[in-house]
*Asks:* 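For reference, the structure I am asking about is given below.
Order of appearance sets the numbers: ligands from 1, and atoms from 1 within every ligand. Values reported hereafter were calculated over all heavy atoms of this structure, with side chains retained and with hydrogens, waters and symmetry mates removed.
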Amino acid sequence: MTAPPQSPAPADETIVMKFGGTSMKDAATIRRSASIASTTAGAARVVVVVSAMDQVTEMLLELAEAAAGDNPAAVSTLLAAIRDKHVSTAADLGGNAPADTAETLDRLERLALGIAAVGELTPRSRDAVVAFGETLSAPLMAAAMSSVPSAPSCAWFTGRHAGIVTNDHFGRAEPLMDLTLFQVRHTLEPLLARGDRAVVTGFIAATQHGVTTTLGRGGSDYTASILGAALAAREVWIWSDVDGLMTADPRLAPSARLLERITFAEAIEMGQFGAKSMHPLALEPAAEHIIPVRFRNTFNTDSPGTLIVPETPAANTDADHPVRSIPLLKNAAMINISGAAMVGRPGTAAQVFRALGEAAVNVMMISQTVSEAGISLVVSRDHAARAKAVLERTLMRTGSASAVRLLDDVNVVAVVGAGMAGHPGVAARVFSAVARKNINVIAIAQGSSELSISFVVRADQAADAVRTLHEEFVG
Ligand code: ADP
Ligand code: ASP
Ligand code: MG
């Protein structure tokens, strides 16, 4: 393993490292990640955050649906697949892993049977199931870290036991941040001061009453950023299977390049528009506490990765490249609200957002026609049906709108760059380039920060739009 590309951290500083699903694929990959955790941080204290093993979160979500949907054949197939994957990895890694794994798998099996018996899946019980991914992966990582020669001792914690407390918005719970920062410090500081290491499950936490919650998909990055803030870490490193944040998703634009240094504002904007499967709030605790975040590649440790830094004039001087990246948000749905009654009638937008807020639907993009006869919203596809139903109930009842239509196979393409602010002509270039490719733009939005322009296209035209804009702006 090579040395870190920056000056080594002194022994009293902490580096929080998060390993994603692709860095937790099998015993060999987990060993590689454990070795990275043990060797790349120099003398610094290390806290490791882990995701579930690759694909396990998806399997657990399917398991939860199958259990509630009275599909015993799918339940036993999925349970067997989850069991095999973890039992064989635990046997390979040794230490406490086989015993921890067996006990946790038994609990998962009992929970699945319970859900099947009740025949109902609630957001709370779905969280209880999906949390098993990280509860199963953390002891595997702890075993691998303990078997690194002359390694210090290593304990593992669930997010809850590390001190992360949230509200009860199951599926996308929000940390009670002050309490969380205090409790995490209280739990982990003494252990780190003794020279020990900690592995913490990403993504999962609990309410103040101890009920398991999850932070939302991609939430392990969020956990790492929370722990970084709590421990005043020197840096947070997010290890994944690409060299860092790229100018576009390398699977869509093969000429995508590594961004070596970007600001928190740009990275947060990229994450909100789907770059990496990043949780939209993942970087906020680190940004607020000014903890640099570095995205790195588990399979190419020589690459310096992408460093996310606070806003400085020097961070945004690339005047020739106002657009730094072209992220794509998949799994989106657009809701069009229309009706002549909306024209000149104040308060419709307020009604819309109140209703959606109460139904816990997250609105990702908004645009309103100048005539006021229509409002278009983009929401995540899994919230679409709920959003449509709640809007119909609210707006039709009060006569505020006459139609709520759902377009459920759209993507949002964005161009992001701090240099776009005050740089005229970017929008014209964006829309001429996509028009030349006959890509139909369904709706457009620009934030007042001028950090991004985003637009909605049909899902089957989205990859082409990303490639076209990548050629136009990045080359
Ligand atoms: P992990 O499982 O490690 O959390 P994620 O799936 O959350 O990883 O994110 C990594 C993946 O995100 C990469 O494999 C890459 O294909 C995809 N990706 C999409 N857009 C970008 C981007 N702009 N920069 C880097 N990766 C991106
Ligand atoms: N395992 C969770 C997910 O797949 C959290 C994460 O990996 O960040 O969404
Ligand atoms: Mg992820």
Side-chain angles (χ1 to χ4, degrees), residues 17-25 29 33 36 49-62 126-127 129-138 141 159 171-173 200-205 213-226 237-260 262 266-283 295-300 303 305-306 308 323-331 380 382 411 413-417 452 462-463 466 469-470 474:
M17 299 194 196
K18 175 258 174 176
F19 292 91
T22 45
S23 305
M24 302 288 292
K25 222 180 170 72
T29 325
S33 301
I36 288 175
V49 174
V50 289
S51 284
M53 286 181 79
D54 200 27
Q55 298 306 314
V56 167
T57 302
E58 284 75 13
M59 290 159 91
L60 288 165
L61 285 168
E62 263 182 67
R126 183 186 285 106
D127 268 3
V129 173
V130 81
F132 273 89
E134 276 72 7
T135 311
L136 283 161
S137 67
M141 179 60 111
R172 170 77 69 116
V200 180
T201 60
F203 179 54
I204 66 180
T213 55
T214 67
L215 304 175
R217 293 306 307 267
S220 296
D221 298 339
Y222 194 17
T223 304
S225 170
I226 294 167
W237 294 352
I238 310 280
W239 294 93
S240 183
D241 62 345
V242 274
D243 278 349
L245 286 182
M246 320 273 288
T247 49
D249 186 341
R251 290 170 297 193
L252 300 176
S255 60
R257 288 205 311 258
L258 179 68
L259 290 158
E260 283 176 8
I262 58 171
E266 286 174 309
I268 288 171
E269 200 85 356
M270 283 175 70
Q272 273 169 350
F273 287 112
K276 212 186 153 288
S277 316
M278 208 196 302
H279 189 291
L281 299 176
L283 294 173
F295 287 85
R296 300 189 64 181
N297 190 346
T298 304
F299 306 97
N300 180 19
S303 168
T306 300
I308 320 287
V323 172
R324 310 283 313 271
S325 72
I326 299 108
L328 174 70
L329 184 72
K330 294 185 200 151
N331 296 321
S380 99
D382 14 306
N411 284 183
V413 181
V415 294
V416 175
S452 69
V466 172
L469 293 173
H470 197 265
V474 184

*Asks:* So which heavy atom on Met270 is nearest to which on Pro327, and how close?
*Replies:*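 Looks like O-CB, 3.9 Å.
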*Asks:* Looking only at N/O atoms, are Thr247 and ligand 1 under 3.5 Å apart anywhere?
*Replies:*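 No, there is no polar N/O contact under 3.5 Å.
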*Asks:* Which ligand 1 atoms does Ala275 reach within 4.0 Å, using its non-hydrogen atoms?
*Replies:*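 Matching atoms, with element in brackets: 20 (N), 23 (N).
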*Asks:* How far is atom 9 (O) of ligand 1 from its nearest protein heavy atom, and which residue and atom name does that atom have?
*Replies:*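 Nearest protein contact, heavy atoms only, for atom 9 (O) of ligand 1 is Lys276 CG, 2.9 Å.
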*Asks:* State, with a plain yes or no, whether a side-chain heavy atom of Leu283 is found less than 4.5 Å away from one of Met278.
*Replies:*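 The answer is yes, as the side chains (C-beta and beyond) meet within the 4.5 Å cut-off.
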*Asks:* Among side-chain atoms of Thr214 and Asp127, is any donor-acceptor pair under 3.5 angstrom?
*Replies:*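 The criterion, which ignores hydrogens and geometry beyond distance, is satisfied for Asp127 and Thr214.
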*Asks:* When you compare the side chain of Arg172 with that of Pro280, does any pair of heavy atoms fall below 4.5 Å?
*Replies:*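 Of all side-chain heavy-atom pairs linking Arg172 with Pro280, at least one is under 4.5 Å.
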*Asks:* Is any side-chain heavy atom of Thr298 closer than 4.5 Å to a side-chain heavy atom of Thr22?
*Replies:*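 They are not in side-chain contact.
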*Asks:* Among protein heavy atoms, which sits nearest to atom 26 (N) of ligand 1, and what does the distance come to when rounded to 0.1 Å?
*Replies:*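 Checked against all protein heavy atoms, atom 26 (N) of ligand 1 sits closest to Val242 CG2, 3.8 Å.
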*Asks:* One residue to check: Lys18. Relative to ligand 1, which of side chain, backbone, both or neither has a non-hydrogen atom less than 4.0 Å away?
*Replies:*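 Side chain only.
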*Asks:* At a 4.0 Å threshold, what atoms of ligand 2 neighbour a non-hydrogen atom of Arg217?
*Replies:*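 Taking each heavy atom of Arg217 in turn, ligand 2 has 3 (C), 4 (O), 9 (O) under 4.0 Å.
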*Asks:* Any heavy atom of Ser220 sitting closer than 4.0 Å to ligand 1?
*Replies:*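 Per 4.0 Å heavy-atom rule, Ser220 does not contact ligand 1.
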*Asks:* Main chain of Gly159, side chain of Thr201: is a donor-acceptor contact present, judged purely on distance under 3.5 Å?
*Replies:*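 Yes: the side chain of Thr201 pairs with the backbone of Gly159.
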*Asks:* Considering non-hydrogen atoms of the protein only, which is the closest contact for atom 8 (O) of ligand 1, and what is the distance?
*Replies:*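 Residue, atom and distance for the closest contact: Ser240 OG, 3.3 Å.
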*Asks:* For ligand 2, which atoms have a heavy atom of Ser51 less than 4.0 angstrom away?
*Replies:*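 It comes down to these atoms of ligand 2: 6 (C), 7 (O), 8 (O).
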*Asks:* Within the 4.0 Å heavy-atom shell around Ala248, which atoms of ligand 1 are there?
*Replies:*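 Those atoms are 22 (C), 23 (N).
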*Asks:* Is Gly219 near ligand 2, meaning one of its heavy atoms is under 4.0 Å from it?
*Replies:*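 Yes, Gly219 has heavy atoms under 4.0 Å from ligand 2.
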*Asks:* Would you mind checking which non-hydrogen protein atom is closest to atom 6 (O) of ligand 1, with the distance to 0.1 Å?
*Replies:*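 Result: Ser277 OG, 3.4 Å.
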*Asks:* Nearest to atom 14 (O) of ligand 1, what protein heavy atom do you find, and at what distance?
*Replies:*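 Atom 14 (O) of ligand 1 sits closest to the protein heavy atom Asp241 OD1, 2.8 Å.
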*Asks:* For ligand 2, which atoms sit closer than 4.0 Å to a heavy atom of Glu134?
*Replies:*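 Contacts of ligand 2 toward Glu134, numbered from 1: 1 (N), 2 (C), 5 (C).
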*Asks:* Starting at CE of Met246, measure out to OG of Ser255 and round the result to the nearest 0.5 Å.
*Replies:*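 Reported to 0.5 Å precision, the distance equals 9.5 Å.
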*Asks:* Tell me which protein heavy atom sits closest to atom 6 (C) of ligand 2, plus the residue, atom name and distance to 0.1 Å.
*Replies:*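 For atom 6 (C) of ligand 2, the nearest protein heavy atom is Ser220 OG, 3.3 Å.
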*Asks:* Suppose we measure from atom 2 (O) of ligand 1 to each protein heavy atom; which comes out shortest, and what is that distance?
*Replies:*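 Protein heavy atom at minimum distance: Gly21 N, 3.3 Å.
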*Asks:* What atoms of ligand 1 come within less than 4.0 Å of a heavy atom belonging to Gly244?
*Replies:*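 Selected atoms, number and element: 24 (N), 25 (C).
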*Asks:* Taking the minimum heavy-atom distance to atom 16 (O) of ligand 1, which of Arg251, Lys25, Arg217 ranks first?
*Replies:*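 Checking each option, the heavy atom nearest atom 16 (O) of ligand 1 is found in Arg251.
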*Asks:* What protein heavy atom sits nearest atom 23 (N) of ligand 1, and how far off is it?
*Replies:*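 Checking every protein heavy atom, the shortest distance to atom 23 (N) of ligand 1 gives Met246 O, 3.0 Å.
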*Asks:* Would you check if Asp221 and Lys276 make a side-chain contact, meaning some heavy-atom pair closer than 4.5 Å?
*Replies:*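 They are in side-chain contact.
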*Asks:* Ser51 near ligand 1, heavy-atom distance under 4.0 Å?
*Replies:*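 For ligand 1, residue contact (heavy atoms, under 4.0 Å) with Ser51 is absent.
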*Asks:* For Gly218, is at least one N or O under 3.5 Å away from an N or O on ligand 2?
*Replies:*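 It does: an N or O of Gly218 is found under 3.5 Å from an N or O of ligand 2.
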*Asks:* Taking all non-hydrogen atoms of both residues, which atom of Leu245 and which atom of Ala267 are closest, and how far apart?
*Replies:*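 Minimum heavy-atom separation between Leu245 and Ala267: CD1-CB, 4.2 Å.
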*Asks:* For ligand 2, is there an N or O atom under 3.5 Å from any N or O atom of Thr57?
*Replies:*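 Yes, at least one N or O pair falls under 3.5 Å.
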